[in-house]
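From a predicted model like this one, the values you see are computed outputs, not experimental measurements. Basis for what follows: all heavy atoms, side chains included, without hydrogens, waters or symmetry-related copies.
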Amino acid sequence: MEVIPYFHIIAGILIFIVGFIFHWLGQLISVLNWDYATKIGLQEKKLIPEFKVYEHAIAVADASIGWIYGIVAVGLVLNYSWAFKLAWIPGVIFLYHSLSFWFWIGNQNSLGYQTTTNRFRIIWFLTNFIAGILAIIVAW
């Protein structure tokens, strides 16, 4: 019994947008064509080579696992019981993304390489963190 009616649909839509579109599709484009991803703003233009190696590795990891976000999202929207069990996967990954992004950008800034704005850093952190919490609540 859900406390908020249609909570699973809200979580499914959020998982689809944040996970499937932003993480999986965005990172898949980055893996397939880094220059194009940079041109359209998916990757930072000011990355030093050492940071690019790390960012590319993250893109490969996201593209490898991110397909499951779409499956979970569709399952939640259609109210399939298996989707509730799988929702913890995007939940914990989103929490990981939020925290790792926060500290990764903070470390870049402390080294003098500001590759993104503070506003974007806060928004991206909160988007991933909130999506992760909601997905875990649905899975619970």
Side-chain angles (χ1 to χ4, degrees):
M1 180 98 179
E2 291 179 316
V3 176
I4 301 171
Y6 307 109
F7 186 66
H8 63 283
I9 295 174
I10 295 167
I13 291 169
L14 196 55
I15 290 169
F16 187 80
I17 293 169
V18 174
F20 191 73
I21 294 175
F22 290 152
H23 283 289
W24 185 72
L25 187 59
Q27 296 289 45
L28 183 63
I29 292 168
S30 297
V31 169
L32 297 176
N33 190 336
W34 190 271
D35 293 334
Y36 179 70
T38 303
K39 181 179 178 181
I40 64 174
L42 296 176
Q43 297 297 336
E44 295 85 5
K45 292 178 179 165
K46 303 179 202 174
L47 281 180
I48 62 172
E50 294 83 358
F51 293 169
K52 184 178 176 183
V53 169
Y54 173 80
E55 291 288 346
H56 186 265
I58 293 300
V60 170
D62 284 346
S64 298
I65 191 70
W67 56 270
I68 199 165
Y69 303 146
I71 293 170
V72 171
V74 169
L76 287 174
V77 169
L78 297 176
N79 203 25
Y80 291 135
S81 61
W82 54 262
F84 290 84
K85 296 172 185 168
L86 289 179
W88 71 270
I89 296 171
V92 296
I93 294 173
F94 290 165
L95 287 179
Y96 165 79
H97 272 297
S98 67
L99 295 170
S100 64
F101 180 79
W102 182 264
F103 288 104
W104 171 241
I105 297 301
N107 289 339
Q108 287 181 18
N109 291 346
S110 68
L111 292 171
Y113 301 102
Q114 186 164 1
T115 58
T116 188
T117 65
N118 285 329
R119 177 180 291 175
F120 181 79
R121 180 183 183 205
I122 292 167
I123 290 169
W124 191 243
F125 167 80
L126 288 174
T127 301
N128 280 271
F129 190 82
I130 291 167
I133 295 295
L134 293 178
I136 290 171
I137 289 170
V138 164
W140 199 274

- Do Val72 and Phe16 come close enough that some side-chain heavy atom pair is under 4.5 Å? no
Note: Pro90 and Tyr69 closest approach over all heavy atoms is CB-CD2, 3.5 Å
Nearest heavy-atom contact between Ala59 and Ser30 is CB-CB, 4.2 Å
Donor-acceptor contact below 3.5 Å, side chain Trp24 vs main chain Ala63: yes
query = How are the rings of His56 and Trp34 set to each other: parallel, tilted or perpendicular (split at 30° and 60°)?
reply = tilted
inquiry  = Please confirm whether the ring centroid of Trp104 lies under 6.0 Å from the ring centroid of Tyr54.
reply    = yes
Report task. Indicate, with yes or no, if Ile133 and Tyr96 share a hydrophobic cluster defined by side-chain heavy-atom contacts under 4.5 Å among Ile, Leu, Val, Met, Phe, Trp and Tyr. Result -> no
inquiry  = Is there a continuous path of hydrophobic side-chain contacts, each under 4.5 Å between heavy atoms, that joins Ile122 to Leu99?
reply    = yes
Give the cluster check for Ile123 versus Ile21: same hydrophobic cluster or not, with ILVMFWY residues linked at side-chain heavy-atom distances below 4.5 Å.
no
Close aromatic pair by centroid cut-off 6.0 Å: Phe94 and Phe22:
no
Taken to the nearest 0.5 Å, the spacing of Asn79 CG from Ile9 CD1 works out to 7.0 Å
Closest heavy-atom pair, Ala37 versus Ile29, reported as atoms and distance to 0.1 Å, is CB-CG2, 4.2 Å
Exercise for the section: May I ask you to decide if Ser64's main-chain N or O and Trp67's side chain share a donor-acceptor pair within less than 3.5 Å? Expected result: yes
Separation between CD (Gln114) and CG (Asn109), nearest 0.5 Å, reads 4.5 Å
Rounded to the nearest 0.5 angstrom, the CG-OG1 distance for Leu47 and Thr38 is 7.5 Å
Plane angle bin for Phe120 and Trp124 - parallel if under 30°, tilted between 30 and 60°, otherwise perpendicular:
parallel
Check your understanding: Would Val92 and Trp140 show up in the same hydrophobic cluster when neighbours are defined by side-chain heavy atoms closer than 4.5 Å?
Key -> no
Problem set entry | Heavy atoms from other residues, nucleotides or ligands near CZ of Phe125 exceed 12 (cutoff 6.0 Å) | yes
Closest non-hydrogen contact found for Ala87 with Val138 is CB-CG1, 4.3 Å
*Do Ile10 and Leu78 belong to the same hydrophobic cluster, where Ile, Leu, Val, Met, Phe, Trp and Tyr are linked whenever their side-chain heavy atoms lie under 4.5 Å apart, directly or via other members?*
no
Parallel, tilted or perpendicular: which one describes the rings of Phe84 and His8, with boundaries at 30° and 60°? tilted
Does the side chain to side chain contact (heavy atoms under 4.5 Å, CB included) test come out yes or no for Phe7 and Leu134, once each step is laid out?
CA-CA 9 Å; Phe7 186 66; Leu134 293 178; 3.4 Å; yes
Rounded to the nearest 0.5 Å, the OG1 atom of Thr116 sits from the CD1 atom of Ile105 at a distance of 6.0 Å
Value for CD1 (Ile15) from CD1 (Ile93), rounded to nearest 0.5 Å, stands at 10.5 Å
Rounded to the nearest 0.5 angstrom, the CZ-CZ distance for Phe101 and Phe129 is 15.5 Å
Result for side chain to side chain donor-acceptor pair (under 3.5 Å) between His97 and one of Asn128, Asp62, Thr127 points to Asp62
Is any side-chain heavy atom of Leu25 closer than 4.5 Å to a side-chain heavy atom of Phe20?
no
Given the options Glu55, Gln108, Arg121, Thr115 meets side-chain contact (heavy atoms from CB on, under 4.5 Å) only with Gln108
